[in-house]
Amino acid sequence: MLESEFKASYLFVRGLSELIAERGLDNAVQTIGISRQAGRYINELPFSETILFCSQLEKRQAVELDINYLQIIQLAELVTDITLMQFDKLKCSSNDWLKAMPIETISYRQLLVDTFISNVSAEMFDVEHCPSRTLNINTPTRLFKALQDMSNLRFSVFVRLLIQRNLIQVKVFKDAVDIAVASFMPAQKVRHSTWGLVKAGADIEFIEKYSNQKYVDSKYYHHCRRLCEDAYSSKEVDSKAVFGLFESLMAEHKDDVRVYMELHNQLGVRIDTLHECVQQVLVQRYSHDDYHLEKEVARLINQ
């Protein structure tokens with residue numbers, strides 16, 4: 001089915017970023033019809049988060065694909081059947097329209113049309129060469145028939161007319177987009193934190209213990225781990241020297257995650273290795289590995 005692959009959510013995100021790149025944030029959000037805050041957040045979202053965010057948009061029904069097949073078919077048949085003289089007049093008028101239209105409008109509509117044509121072309125190939133994969137194709141066969149004998153010259157004008165008539169649209173619901181963004185942000189922050197710790201060499205036990213996450217998605221963790229497995233080679237480190245730095249940073253009243261990240265940045269050693277060094281020294285000195293417990297005991301003794 002075309003709609004299952006020609007995703008409104010993905011086209012919305014792609015189109016927004018394209019518009020911002022060409023015309024700036026304010027112009028883009030005005031053209032599409034969303035809030036400035038949502039536009040900035042979506043544009044700055046890491047590419048790796050795009051699929052998950054698109055799922056959130058679909059869950060909230062924030063965007064909707066609208067393809068006017070009836071008019072598209074009529075237009076295709078018209079372009080195919082008109083005389084050469086009529087075609088020349090149509091070509092000139094479409095050229096004049098393109099010159100007069102704001103560039104941001106053309107760019108956004110062209111993205112939608114190009115993706116639509118790409119999907120239709122793939123479906124036409126399947127119809128001819130892979131019939132077993134055509135059971136879920138919903139594009140009217142009348143459109144395939146109209147495009148079958150269309151020359152490349154006429155096809156280029158047909159594409160321009162699709163852009164001009166705005167027959168493929170992504171309808172955007174501003175309030176629903178804002179809700180999707182607000183719903184997505186907390187989980188995205190957690191994943192961003194997990195990704196940063198994994199890149200620095202933290203294992204899942206460390207993340208669960210120190211990053212205030214009640215639950216770490218093990219599938220996401222192992223995905224990140226695979227991406228980072230060659231980031232840091234093993235190093236020999238002096239456990240006592242590591243512990244000395246650790247204590248000096250803890251004395252600045254920093255939380256554990258910040259302390260280990262600073263140790264990692266200073267020494268270039270994986271967090272799991274640094275954590276192991278600290279635990280070893282704690283066990284050697286105090287017969288247990290809980291640094292905060294030891295400090296609390298010392299505080300009570302000195303009261």
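Note that this is a predicted model, so its numbers are computed, not measured.
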| query | Residues two or more places apart in sequence or in another chain: which of them pass side-chain contact (heavy atoms from CB on, under 4.5 Å) with Q61? | reply | none

| message | Just verifying a value: how many Å separate S248 OG and E252 CD, rounded to the nearest 0.5 Å? | response | 6.5 Å

| request: Report yes if the side chains of H223 and L227 come closer than 4.5 Å at any heavy-atom pair, otherwise no. | output: yes

| query | Are side-chain heavy atoms of L19 and N27 found at a separation under 4.5 Å? | reply | no

| said: Side chains of L282 and F243, heavy atoms from C-beta outward: is any pair under 4.5 Å? | reply: yes

| said: For E77, give me all partners under side chain to side chain donor-acceptor pair (under 3.5 Å), at least two apart in sequence or on another chain. | reply: R142

| Which residue pairs pass the salt bridge (Lys or Arg N to Asp or Glu O under 4.0 Å) test when at least one of the two sits in residues 29-53, sequence neighbours left out? | D26-R36, E49-R191

| message | Does anything in residues 139-160 form a ring pair (Phe, Tyr, Trp, His ring centres under 6.0 Å)? List the pairs, not counting sequence neighbours. | response | none

| query | With distance as the sole test, does S121 use its side chain to make a donor-acceptor pair with the main-chain N or O of I117 at under 3.5 Å? | reply | yes

| message | So which atom in V216 and which in Y221 form the shortest heavy-atom distance, rounded to 0.1 Å? | response | CG1-CB, 4.3 Å

| Is there a side-chain contact between T273 and V237, using heavy atoms and a 4.5 Å cut-off? | yes

| query | With a cut-off of 6.0 Å (strictly less than), are more than 12 heavy atoms of other residues, nucleotides or ligands near CD of Q30? | reply | no

| request: For R258 and K254, work out which heavy atoms get closest and say how close. | output: NH2-CE, 4.0 Å

| In terms of hydrophobic clustering (I, L, V, M, F, W, Y; side-chain heavy atoms under 4.5 Å; direct or indirect links), are L162 and L65 co-clustered? | yes

| Roughly how far, to the nearest 0.5 Å, is the CG atom of L143 from the CD atom of Q148? | 11.0 Å

| Quick one: side-chain contact (heavy atoms from CB on, under 4.5 Å) partners of V157, sequence neighbours excluded? | F87, L90, K91, S94, L161

| query | In Å, rounded to the nearest 0.5 Å, how long is the span from CD1 of I73 to CG of L78? | reply | 13.5 Å

| said: According to ring pair (Phe, Tyr, Trp, His ring centres under 6.0 Å), does anything in residues 38-58 pair up with another residue at least two apart or in another chain? List the pairs. | reply: F53-F184

| message | If you count heavy atoms of other groups shown closer than 6.0 angstrom to CD1 of I51, is the number above 12? | response | no

| task | Please list all pairs passing the side chain to side chain donor-acceptor pair (under 3.5 Å) test where one or both residues lie in residues 151-160, with sequence neighbours left out. | result | N95-R160

| field | D114 CG to N119 CG distance, which is reported to the nearest 0.5 Å | value | 11.5 Å

| All ring pair (Phe, Tyr, Trp, His ring centres under 6.0 Å) counterparts of Y260, not counting sequence neighbours | F206, F246, H275

| What residues form a side chain to side chain donor-acceptor pair (under 3.5 Å) with Q86, not counting sequence neighbours? | T83

Using a 3.5 Å cut-off and no angle test, enumerate the donor-acceptor pairs between side-chain atoms of residues 163-182 and protein atoms at least two apart in sequence or in another chain.
residue, atom, partner, partner atom, Å
Q169, NE2, N166, O, 3.0
D178, OD1, S35, OG, 2.8

| If you count the non-hydrogen atoms of other residues, nucleotides and ligands that lie under 6.0 Å from CG in D149, is the total more than 12? | no

| message | Give me the atom names and distance for the closest heavy-atom approach of V242 to L267. | response | CG2-CD1, 4.0 Å

| Under 4.0 Å between a Lys/Arg side-chain N and an Asp/Glu carboxylate O for R225 and D272? | yes

| message | Checking D203 now: which residues fulfil salt bridge (Lys or Arg N to Asp or Glu O under 4.0 Å) with it, not counting sequence neighbours? | response | none

| Distance from T105 atom OG1 to Y108 atom OH, nearest 0.5 Å? | 11.0 Å

| message | Assigning hydrophobic clusters by single linkage (Ile, Leu, Val, Met, Phe, Trp, Tyr; side-chain heavy-atom cutoff under 4.5 Å), is L16 placed with M185? | response | yes

| query | So do the side chains of K7 and C54 get within less than 4.5 Å of each other, counting heavy atoms only? | reply | no

| Honestly curious: do F116 and L70 fall in one hydrophobic cluster under the side-chain, below-4.5 Å linking rule? | no

| query | What pairs of residues pass the salt bridge (Lys or Arg N to Asp or Glu O under 4.0 Å) test when at least one of them lies in residues 180-190, not counting sequence neighbours? | reply | none

| Do V13 and L52 sit in the same hydrophobic cluster, where Ile, Leu, Val, Met, Phe, Trp and Tyr count as joined when their side-chain heavy atoms come under 4.5 Å apart? | yes

| query | Do the non-hydrogen side-chain atoms of F12 and I42 ever get within less than 4.5 Å of each other? | reply | yes

| field | Least distance between heavy atoms, L11 atom then L111 atom | value | O-CD2, 3.9 Å

| request: Enter the distance from L112:CG to R109:CZ here, rounded to the nearest 0.5 Å. | output: 9.5 Å

| request: Compare all side-chain heavy atoms of S107 with those of E18 and state whether any distance is below 4.5 angstrom. | output: no

| query | So, for I20 and G39, which heavy atoms are closest and what is the spacing to 0.1 Å? | reply | CD1-O, 4.0 Å

| note | For S211 and L197, the nearest pair of non-hydrogen atoms, with its separation, is CB-CD1, 4.0 Å

| Same apolar cluster: V159 and V120, side chain cutoff 4.5 Å | yes

| said: Between S9 (side chain only) and E58 (backbone N and O only), is there a donor and an acceptor less than 3.5 Å apart? | reply: no

| task | Flag the pair T115 / Y10 as yes when at least one side-chain heavy-atom distance between them is below 4.5 Å, and no otherwise. | result | no

